[in-house]
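A short write-up of the structure that comes next.
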Amino acid sequence: MPKQKSAARSMSASGISGLLAATLALALSGCASYDVTAPADARADAVAAAESHNEDAKNGDTKGDTKGDTKNADARNGKSAKKADGSDVDCRKAKCVALTFDAGPSENTNRLLDILKKEKVHATFFMLGKNHIAERPTEVKRIDAEGHELANHTWSHQILTDIEPAEAKRELSRVQDAVRKITGRTPTLMRPPQGRTDESVSQVSKELGLAQVLWSVTAKDYQTTDSDLITKRVLDQTERDGIILLHDIYKGTVPAVPGIITQLKKRGYTIVTVSQLLSPAKPEPGMVYRP
């Protein structure tokens, strides 16, 4: 259940592609509204729902929902997600932060994956279709093979609130189809370009089985190639249950990643994917998640 009804708020823009050097920095405004759930609330709701289901089962009110029984048992028992090193992580107990990358894959992605592998960290990749997934299927396969989370950032970075629902659906479904064709997996998470969403976008996302993921930390790496500044911006903003937004398409970002990871670990953070951050909750299609 969402904890609040949130009016759309100001957000920094995501990058469009590796070919664009210009920065988009548009403020989100207007009267559009949408349901928002924080990661901690999602986890708490999952446990509460599981406990309620358990009580119903004791009272004989359930009707043979074995799939639901398994899911709720996992939530009740605190079933943990797996970290990159194979160990369990429970973000109800650990000091977690999710690491995400938008607008790839790009020419920098393999270097980034080398770093993440060395550091034993998994991330969520919100990928663009045109000029990215379509041109770099090998990188998409590697992202999947190395245990990272595949996610949707639309086909061509159109602002979903500015187009008709049918066109928004095509923007998202083309990525779903392309990723499934390459990896056999279908994304369950999407990030709307510039963070712009509304009730119509939420409905389209729900129909496609996609939860929406915003962020709490942005380095504005589309504005600078200074890796030290990117690192500082991330560290200054990061708090528990945060979601970090970076772009591996920009020159200064990937060189900043080793220092970001090192410092986050020193500060006691466990770096996870978005789905790990939400666990034992499962991402709810159409819902907007934001710390």
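- Within a 6.0 Å radius of CD in Glu167, more than 12 heavy atoms belonging to other residues, nucleotides or ligands are found.
- Nearest heavy atom pair, residue Pro105 against residue Arg136, reads O-CD, 3.6 Å.
- Looking at Ser205, its side chain never comes within 3.5 Å of a backbone N or O of Ala211 through a donor-acceptor pair.
- Taken together through direct or relayed side-chain contacts under 4.5 Å among Ile, Leu, Val, Met, Phe, Trp and Tyr, Leu99 and Leu112 form part of one hydrophobic cluster.
- Crowding of Lys95 atom NZ: a count of heavy atoms from other residues, nucleotides or ligands under 6.0 Å exceeding 12.
- With hydrogens and angles ignored, the 3.5 Å screen pairs no side-chain donor or acceptor of His148 with any backbone N or O of Ile143.
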For this session: For the pair Arg267 and Thr238, evaluate side-chain contact (heavy atoms from CB on, under 4.5 Å) and give the outcome as yes or no after the intermediate values.
Result: CA-CA 10 Å; Arg267 297 180 185 194; Thr238 299; over 6 Å; no

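- Transitive grouping of hydrophobic side chains (ILVMFWY, heavy atoms separated by less than 4.5 Å) brings Ile182 and Leu113 into a common cluster.
- From Leu246, atom CG reaches atom OG1 of Thr100 across 7.0 Å, with rounding to the nearest 0.5 Å.
- Taking CD1 of Ile133 as the reference point, atom CG of Asn152 lies at 7.0 Å (rounded to 0.5 Å).
- The minimum heavy-atom distance linking Ala94 with Val89 is given by the pair CB-CG2, 4.3 Å.
- Hydrophobic clustering, with ILVMFWY side chains joined whenever heavy atoms are under 4.5 angstrom apart, keeps Val175 apart from Ile163.
- For His122 (side chain) and Leu116 (main-chain N/O), no donor-acceptor pair under 3.5 Å exists by modelled atom type.
- Both Val217 and Leu235 sit in one connected hydrophobic cluster of ILVMFWY residues. Membership requires side-chain heavy atoms under 4.5 Å apart, directly or through other members.
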Problem set entry | side-chain contact (heavy atoms from CB on, under 4.5 Å) assessment of Ile271 paired with Glu119 | CA-CA 10 Å; Ile271 302 170; Glu119 296 292 340; over 6 Å; no

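- Side chains of Ile244 and Leu264 form a contact here, defined as non-hydrogen atoms less than 4.5 Å apart.
- Side-chain atoms of His132 and His153, non-hydrogen and from C-beta on, never get closer than 4.5 Å to each other.
- Contact of the Met190 side chain with the Val201 side chain is registered, since non-hydrogen atoms from C-beta on lie closer than 4.5 Å.
- A salt bridge does not link Asp177 to Arg174: none of the charged side-chain nitrogens sits closer than 4.0 Å to a carboxylate oxygen.
- Panel note: side chain Lys169, backbone Glu207; no donor-acceptor pair is recorded below 3.5 Å.
- The CG atom of Leu150 lies 5.0 Å from the CG atom of Asp144; values are rounded to the nearest 0.5 Å.
- Around atom CZ of Arg185, no more than 12 heavy atoms belonging to other residues, nucleotides or ligands sit under 6.0 Å away.
- No side-chain heavy atom of Glu171 sits less than 4.5 Å from a side-chain heavy atom of Val204.
- Gln176 contributes a side-chain N or O that, together with a main-chain N or O of Pro187, makes up a donor-acceptor pair within less than 3.5 Å.
- Contact check for Asp35 versus Val288: no side-chain heavy atoms found under the 4.5 Å cut-off.
- The shortest side-chain heavy-atom distance between Cys91 and Arg43 falls under the 4.5 Å cut-off.
- Under a hydrophobic clustering in which Ile, Leu, Val, Met, Phe, Trp and Tyr are joined whenever their side-chain heavy atoms come within less than 4.5 Å, directly or via other members, Val257 and Ile230 fall into the same cluster.
- For the atom pair OG of Ser279 and CG of Asp90, the computed distance is 7.0 Å after rounding to the nearest 0.5 Å.
- The distance from the OG atom of Ser173 to the CZ atom of Arg180 is 9.0 Å, given to the nearest 0.5 Å.
- Among the candidates Ile159, Leu214, Leu160, the single residue satisfying the side-chain contact (heavy atoms from CB on, under 4.5 Å) test with Arg196 is Ile159.
- Phe101 has its side chain out of reach of Asn108: every pair of non-hydrogen atoms, C-beta onward, lies at least 4.5 Å apart.
- When only modelled atom types and interatomic distance are considered, Thr124 and Arg191 share no side-chain donor-acceptor pair under 3.5 Å.
- Atom CD of Glu239 sits in a sparse spot, with 12 or fewer heavy atoms from other residues, nucleotides or ligands closer than 6.0 Å.
- Sparse packing is recorded around NZ of Lys181, with 12 or fewer heavy atoms of other residues, nucleotides or ligands lying under 6.0 Å away.
- Inter-residue side-chain proximity for Gln276 and Cys96 is flagged as unmet; no heavy-atom pair is nearer than 4.5 Å.
- Atom CG of Leu208 is separated from atom OG1 of Thr188 by 12.5 Å, given to the nearest 0.5 angstrom.
- For Arg240 (side chain) and Tyr269 (main-chain N/O), no donor-acceptor pair under 3.5 Å exists by modelled atom type.
- Using modelled atom types, one side-chain atom of Tyr289 and one backbone atom of Glu284 make a donor-acceptor pair closer than 3.5 Å.
- Distance alone, capped at 3.5 Å, is enough to place a donor-acceptor pair between the Thr253 side chain and the His247 backbone.
- The pair Arg142-Asp114 meets the salt-bridge criterion, since a charged nitrogen lies less than 4.0 angstrom from a carboxylate oxygen.
- Contact detail for Val213 and Pro192: the closest heavy-atom pair is O-CD, 4.4 Å.
- Gln237 contributes a side-chain N or O that, together with a main-chain N or O of Thr218, makes up a donor-acceptor pair within less than 3.5 Å.
- In this structure, Ala134 and Pro137 approach most closely via the heavy-atom pair O-CD, 4.0 Å.
- In terms of modelled atom types and a separation under 3.5 Å, the side chain of Asp241 and the main chain of Pro39 share no donor-acceptor contact.
- Side-chain contact check for Gln212 and Ser202: at least one donor-acceptor pair (N or O, by modelled atom type) lies under 3.5 Å.
- Using modelled atom types and a 3.5 Å distance limit, the side chains of Glu139 and Thr109 yield no donor-acceptor pair.
- Between Ser227 and Ala256 the shortest heavy-atom distance is O-CB, 3.5 Å.
- Nearest approach of Val140 to Thr183, heavy atoms of both residues: CG1-CG2, 3.8 Å.
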